[in-house]
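A short worksheet on the structure shown next.
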Amino acid sequence: MHIRRVVPNIPSRSFGKSSEFYGVLGFEEVMDHGWIMTLASPGNPSVQVSVMTEDQTAPVIPDMSIEVEDVDAAYAAMRERGAEIVHPLSDEEWGVRRFFVRDPNGRVVNVLSHL
């Protein structure tokens, strides 16, 4: 399975303070939907961190996001192994197809592909 990127998701109540803090480390804002903001390295845009106040359509804020080439294959593989699906496979209005799964450590992983 081909992984495109991995992004940590940090719960936040202050996008401004988070943007300023990570800006000191060289990150710049590349997306802001009001409930999730993604910051990336200008020199290496696949290096990212997201801060979230909530998840617009899911019951929890995931601990990380993993973008894969084929989210349907990843979903099928997780279901086959009996993994706990926290949020079902869904097409989201912001252009991703995703599901949430709980890892063996209890962490929630958002697995996605862009549409």
Side-chain angles (χ1 to χ4, degrees):
M1 183 162 308
H2 179 75
I3 299 170
R4 296 178 183 231
R5 68 186 166 119
V6 176
V7 179
N9 298 316
I10 301 167
S12 175
R13 293 288 171 218
S14 177
F15 281 3
K17 288 180 181 178
S18 294
S19 182
E20 182 181 322
F21 176 84
Y22 288 103
V24 171
L25 298 172
F27 286 88
E28 293 180 354
E29 183 182 318
V30 295
M31 180 188 76
D32 185 348
H33 286 295
W35 55 274
I36 181 172
M37 177 180 64
T38 300
L39 306 162
S41 165
N44 187 355
S46 65
V47 174
Q48 299 180 351
V49 63
S50 289
V51 292
M52 302 176 71
T53 59
E54 64 180 338
D55 190 291
Q56 189 173 10
T57 62
V60 298
I61 293 176
D63 295 294
M64 78 173 89
S65 296
I66 300 176
E67 182 181 354
V68 296
E69 191 170 77
D70 186 346
V71 72
D72 292 286
Y75 184 73
M78 287 296 175
R79 287 187 49 105
E80 275 182 31
R81 71 175 293 143
E84 179 187 350
I85 304 299
V86 177
H87 180 67
L89 187 62
S90 307
D91 292 338
E92 303 291 2
E93 66 182 40
W94 54 91
V96 300
R97 183 167 173 80
R98 70 182 184 153
F99 70 96
F100 291 7
V101 63
R102 192 172 309 278
D103 83 358
N105 306 296
R107 298 296 180 191
V108 176
V109 181
N110 172 27
V111 182
L112 70 120
S113 290
H114 281 86
L115 296 173

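Only heavy atoms go into these numbers, but all of them, side chains included; no hydrogens, no water, no symmetry mates. Here the structure is a predicted model, which means the values were calculated and not measured.
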Query raised in the report: Do the side chains of Tyr75 and Val68 get nearer than 4.5 Å, heavy atoms only?
Result: no
**Report entry** Greater than 12 external heavy atoms within 6.0 Å of Arg5's CZ
**Finding:** yes
Query raised in the report: Should Met1 and Asp70 count as side-chain neighbours, where that means a heavy-atom distance under 4.5 Å?
Result: no
Query raised in the report: Quick one: does Arg102's side chain get under 4.5 Å of Val60's, heavy atoms only?
Result: no
Report task. Answer whether the closest heavy-atom distance between the side chains of Arg13 and Thr53 falls below 4.5 Å. Result -> yes
Query raised in the report: Within a strict 4.5 Å, meaning less than it, do heavy atoms of the Met78 and Phe99 side chains meet?
Result: yes
Report task. For side chain to side chain contact (heavy atoms under 4.5 Å, CB included), just list the numbers for Thr38 and Glu29, CA-CA rounded to whole Å, side-chain angles, deciding distance to a tenth of an Å, and then say yes or no. Result -> CA-CA 6 Å; Thr38 300; Glu29 183 182 318; over 6 Å; no
Report task. To the nearest 0.5 Å, tell me how far Ile66 CD1 sits from Asn110 CG. Result -> 9.0 Å
Query raised in the report: Which is it for Met64 and Arg107 under the side chain to side chain contact (heavy atoms under 4.5 Å, CB included) test, yes or no, and what are the steps along the way?
Result: CA-CA 8 Å; Met64 78 173 89; Arg107 298 296 180 191; 5.6 Å; no
Requested in this report: Return the orientation label for the Phe100 and His87 ring planes: parallel under 30°, perpendicular over 60°, tilted otherwise.
Outcome: tilted
Query - Heavy-atom side-chain contact between Gln56 and Glu93 under 4.5 Å - result: yes
Requested in this report: First locate atom CD of Glu67, then atom OG of Ser113, and finally report the distance between them rounded to the nearest 0.5 Å.
Outcome: 6.5 Å
**Report entry** Hphob cluster co-occupancy, Val30 + Val49, side-chain heavy atoms under 4.5 angstrom
**Finding:** no
Report task. Could you give me the CA-CA distance, side-chain angles and deciding distance for Leu89 and Arg79, then say whether side chain to side chain contact (heavy atoms under 4.5 Å, CB included) is met? Result -> CA-CA 11 Å; Leu89 187 62; Arg79 287 187 49 105; over 6 Å; no
Requested in this report: Show your reasoning for whether side chain to side chain contact (heavy atoms under 4.5 Å, CB included) applies to Phe21 and Leu39.
Outcome: CA-CA 11 Å; Phe21 176 84; Leu39 306 162; over 6 Å; no
Query raised in the report: Considering all heavy atoms of both residues, which atom of Ala40 and which atom of Pro45 are nearest to each other, and what is their separation?
Result: CB-O, 3.8 Å
Query raised in the report: Do Pro62 and Met52 touch side chain to side chain, with heavy atoms closer than 4.5 Å?
Result: yes
